Amino acid sequence: PRHARPRAESAPAMPLSRAYLLLSLATLALFAFANLRSPMVNEDGVLYLLLAERIRDGELASAVALFNRPFYPSLIAALDALGGLGLQQSAWCIDAIFAVLLTIAFVEFCRLLYDDRRVLPWAALLILAHPKINNYFGFVFRDTGYWALLLLSFGAWLRHLAEPRAHWLAAWVLCTLLAAALRPEALLFGLLLPPLLLGVRGAPRATALAQAL
């Protein structure tokens, strides 16, 4: 019609880089709040800091005898040796990095899985509001890094399915192995889930993942 109003154009979507920057800042704010609310080190954290102290002092064999997966304490010891922050502060820095990686990896995994940017705010709300995740932000805790690296490996595999490239395969293998260095069961999830997804590749990705699980 001659006097019809022009259709309003939809607002441009926020660039992914900006969305993930805001997500990272929100994660760091929640991480800081969790540690200020409960500054005491959890029981497992005491063990990790003790192991990191032994590793820093050159007693790797003693640390391995006490706990046979010293990768996470080794990261704490290495950062303390490099920056002189102190063991607990080094653990907080590493855990903050893992927390940011976890939230970004989860949101990006959801985006790739559904192939729809509209899931981003809902995925971000889900991970940031998850009570257990927020509780774990206040822990000296290897599992945050384990979850983050495993989700990054899943995301790399989904990218490889959409665009087969050697670097996505390399990222999948590397992230899976790093996650396994934190918790060995990552090998089970990281190496078995992708072939299951390949077996149902013709289905929509979200449906495929549900069938695979």
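What you are looking at is a predicted structure, and each value in this text was computed from that prediction instead of being measured.
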J.: Salt-bridged, R111 to D116, with N to O below 4.0 Å?
T.: no

J.: For the residue pair R54 and L66, what are the closest heavy atoms and their distance?
T.: NH1-CD2, 4.0 Å

J.: Could you state the interatomic distance from CG (L128) to OG1 (T27), rounded to the nearest 0.5 Å?
T.: 5.0 Å

J.: What are the two closest non-hydrogen atoms of Y114 and V119, and how far apart are they?
T.: CB-CG1, 4.1 Å

J.: To the nearest 0.5 angstrom, please state how far the CG atom of L102 sits from the OH atom of Y146.
T.: 12.0 Å

J.: Count I, L, V, M, F, W, Y as connected when their side-chain heavy atoms are under 4.5 Å apart, and connections chain through other members. Are L21 and L125 then in the same cluster?
T.: no

J.: Testing the basics here: between A148 and A105, what is the closest heavy-atom pair and its distance to 0.1 Å?
T.: O-CB, 3.8 Å

J.: With the 4.5 Å side-chain cut-off for hydrophobic clustering, are I133 and L120 part of the same group?
T.: yes

J.: Checking N35 side chain against F137 main chain: does a donor-acceptor pair fall under 3.5 Å?
T.: yes

J.: Within a radius of less than 6.0 Å around CD of E163, do more than 12 heavy atoms belonging to other residues, nucleotides or ligands occur?
T.: yes

J.: Linking I/L/V/M/F/W/Y whenever any side-chain heavy atoms sit under 4.5 Å apart, do Y48 and V64 land together?
T.: no

J.: Look up atom CG in L87 and atom CG in L50, then write down how far apart they are to the nearest 0.5 Å.
T.: 9.5 Å

J.: What's the separation between atom CG in L79 and atom OG in S74, rounded to the nearest 0.5 Å?
T.: 12.5 Å

J.: Looking at every non-hydrogen atom in both residues, tell me the closest pair between I104 and S24 and how far apart they are.
T.: CD1-OG, 3.2 Å

J.: Quick check on ring-ring contact (aromatic ring centres under 6.0 Å, His included): which of W168, W172, F109 does W157 satisfy it with?
T.: W172

J.: Would you call the rings of Y136 and F141 parallel, tilted or perpendicular if under 30° counts as parallel and over 60° as perpendicular?
T.: tilted

J.: Would you please test L75 and F98 for side-chain contact (heavy atoms from CB on, under 4.5 Å) and show each step?
T.: CA-CA 12 Å; L75 291 178; F98 279 152; 4.1 Å; yes

J.: Would you check, one step at a time, whether the test side-chain hydrogen bond (donor to acceptor under 3.5 Å, both in side chains) holds for Y72 with D143?
T.: CA-CA 10 Å; Y72 175 61; D143 286 23; over 6 Å; no

J.: Determine whether more than 12 heavy atoms belonging to other residues, nucleotides or ligands lie under 6.0 Å from atom CZ of F71.
T.: yes

J.: Which atom pair, heavy atoms only, marks the closest approach of R142 to R69?
T.: NH1-NE, 3.3 Å

J.: Honestly curious: do I55 and I76 fall in one hydrophobic cluster under the side-chain, below-4.5 Å linking rule?
T.: no

J.: Over all heavy atoms of both residues, which pair between A34 and G138 is shortest? Give the atoms and the distance, please.
T.: CB-N, 3.7 Å

J.: So, does N42 use its side chain to make a donor-acceptor pair with the main chain of F139 at under 3.5 Å?
T.: no

J.: Does the side chain of C93 reach to within under 4.5 Å of the side chain of L85, using non-hydrogen atoms?
T.: yes

J.: Are any side-chain N or O atoms of R56 and backbone N or O atoms of A77, one a donor and one an acceptor, separated by less than 3.5 Å?
T.: no

J.: Out of S62, P70, P73, which residue meets the side-chain contact (heavy atoms from CB on, under 4.5 Å) rule with L51?
T.: P73

J.: Let me see the working for L16 and R117 under side-chain contact (heavy atoms from CB on, under 4.5 Å), right down to the final yes or no.
T.: CA-CA 9 Å; L16 280 178; R117 286 187 53 154; 4.0 Å; yes

J.: To the nearest 0.5 Å, what is the distance between CG on L149 and OG1 on T176?
T.: 9.0 Å

J.: Please determine whether residues L23 and L25 belong to a single hydrophobic cluster, defined as Ile, Leu, Val, Met, Phe, Trp and Tyr linked transitively by side-chain heavy-atom distances below 4.5 Å.
T.: no

J.: Can you tell me how far the CD atom of E108 sits from the OH atom of Y20, to the nearest 0.5 Å?
T.: 3.5 Å

